[in-house]
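Worksheet: the structure to be examined is printed underneath.
Sequence positions, counted from 1, serve as the residue numbers for this chain. Because the structure is predicted, anything quoted here is derived from the model rather than measured.
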Amino acid sequence: ANELVSRTASDQRVKLSVSMNGSVELSVSDESHTDANASTASNTLPNVAAPDVKARKVLDMSSITAESCGAKANASSALFNLANTSSASFSAPTSVAIPFGVFFEAQQSCAAYGKLIKEFDALPLAEKEDASCKLRAMVERFEPPAKVLDAVQ
């Protein structure tokens with residue numbers, strides 16, 4: 001988990017912890033022995049679930065999961081929910097997330113992308129950089145469905 005420790009104006013210790021799976025914890029205490037600028041990061045590998053590619057539309061804050069939209073979007077949703085509690089001393093904007101399924105749908109229409117992805121692991125190391133550049137160029141040309149663009153605007 002990544003942690004950020006800070007102090008409030010009334011000298012309370014505030015700790016925000018965000019794990020790799022997107023869970024967020026916020027704690028407030030009167031402890032005075034912790035460095036206000038302390039920041040730590042874990043070196044352990046995260047336990048990340050396989051992406052859920054079924055969602056093919058823009059998701060609002062209440063529908064976001066780490067599996068459908070990723071840990072960052074899930075953490076944003078959790079922060080939004082925390083901010084909307086009566087005891088929160090911060091605010092968070094309402095937003096939406098574009099789920100992995102939208103990308104999955106877009107890449108399904110590009111046969112060359114699918115072929116190169118399947119072949120990538122077997123490529124010699126000397127060819128992987130070029131293949132990575134080709135994949136990135138293909139991804140940059142993917143067009144999101146009109147329904148997604150309409151929902152975001």
Side-chain angles (χ1 to χ4, degrees), residues 1-6 8 13-28 37-153:
N2 290 319
E3 295 180 354
L4 176 64
V5 180
S6 189
T8 66
R13 179 178 176 261
V14 178
K15 181 169 92 172
L16 177 67
S17 300
V18 181
S19 71
M20 291 299 287
N21 68 4
S23 65
V24 177
E25 290 183 34
L26 179 68
S27 61
V28 180
N37 296 318
S39 177
T40 61
S42 172
N43 289 329
T44 60
L45 292 174
N47 181 12
V48 178
D52 175 3
V53 297
K54 293 184 292 269
R56 304 291 172 97
K57 62 181 179 125
V58 173
L59 300 177
D60 64 23
M61 296 300 266
S62 65
S63 303
I64 295 170
T65 66
E67 294 78 21
S68 67
C69 299
K72 289 179 186 176
N74 191 48
S76 294
S77 176
L79 285 171
F80 177 79
N81 292 331
L82 279 171
N84 287 318
T85 64
S86 60
S87 61
S89 59
F90 65 95
S91 61
T94 301
S95 62
V96 295
I98 300 173
F100 296 127
V102 171
F103 174 78
F104 183 75
E105 184 177 359
Q107 63 98 18
Q108 291 294 310
S109 65
C110 182
Y113 177 85
K115 182 179 184 293
L116 189 51
I117 282 289
K118 287 178 184 172
E119 297 170 350
F120 189 84
D121 287 338
L123 288 174
L125 185 58
E127 295 177 27
K128 288 197 183 224
E129 183 177 357
D130 184 53
S132 296
C133 291
K134 287 178 182 175
L135 286 169
R136 182 180 179 123
M138 287 180 210
V139 168
E140 289 174 349
R141 289 190 302 269
F142 288 167
E143 291 289 329
K147 64 185 178 191
V148 170
L149 293 175
D150 291 343
V152 172
Q153 295 175 351

Subject >> salt bridge (charged side-chain N to carboxylate O under 4.0 Å, His left out) involving Arg136 - partner list, sequence neighbours excluded >> reply: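 Salt bridge (charged side-chain N to carboxylate O under 4.0 Å, His left out) check on Arg136 returns Glu140.
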Which atoms form the tightest heavy-atom contact between [X] and [Y], and what is the distance?
{"X": "Pro51", "Y": "Phe100", "value": "CB-CD1, 3.5 Å"}
{"X": "Ala83", "Y": "Ala92", "value": "CB-N, 3.6 Å"}
{"X": "Ala106", "Y": "Ser109", "value": "O-OG, 2.7 Å"}
{"X": "Asn74", "Y": "Thr65", "value": "OD1-CA, 3.7 Å"}

Below 4.5 Å, heavy atoms only, C-beta onward: do [X] and [Y] meet side chain to side chain?
{"X": "Leu59", "Y": "Ser68", "answer": "yes"}
{"X": "Pro99", "Y": "Phe104", "answer": "no"}
{"X": "Ile117", "Y": "Gln107", "answer": "no"}
{"X": "Phe80", "Y": "Ser95", "answer": "no"}

**OP:** Give every residue pair that meets the salt bridge (Lys or Arg N to Asp or Glu O under 4.0 Å) criterion with at least one member in residues 111-120, sequence neighbours excluded.
**Re:**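 Sorted pair list: Lys115-Glu119.
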**OP:** Sequence neighbours left out, what pairs pass salt bridge (Lys or Arg N to Asp or Glu O under 4.0 Å) with at least one residue falling in residues 54-64?
**Re:**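 Counting only pairs at least two positions apart or across chains, the salt bridge (Lys or Arg N to Asp or Glu O under 4.0 Å) contacts touching residues 54-64 are Asp52-Lys54.
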Could you give the distance from [atom1] ([X]) to [atom2] ([Y]), rounded to the nearest 0.5 Å?
{"X": "Asn84", "Y": "Thr94", "atom1": "CG", "atom2": "OG1", "answer": "7.0 Å"}
{"X": "Phe90", "Y": "Leu79", "atom1": "CZ", "atom2": "CG", "answer": "5.5 Å"}
{"X": "Gln108", "Y": "Phe103", "atom1": "CD", "atom2": "CZ", "answer": "10.0 Å"}
{"X": "Leu149", "Y": "Ile98", "atom1": "CG", "atom2": "CD1", "answer": "7.5 Å"}

Subject >> Donor-acceptor pair, side chain of Ser77 and main chain of Ala73, under 3.5 angstrom >> reply: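 Not at all, since once roles are kept as given, no pair shorter than 3.5 Å links the two residues.
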**OP:** In sequence, state the C-alpha distance, the side-chain angles, and the governing distance for Ser132 and Phe120, and then conclude on side chain to side chain contact (heavy atoms under 4.5 Å, CB included).
**Re:** CA-CA 8 Å; Ser132 296; Phe120 189 84; 3.5 Å; yes
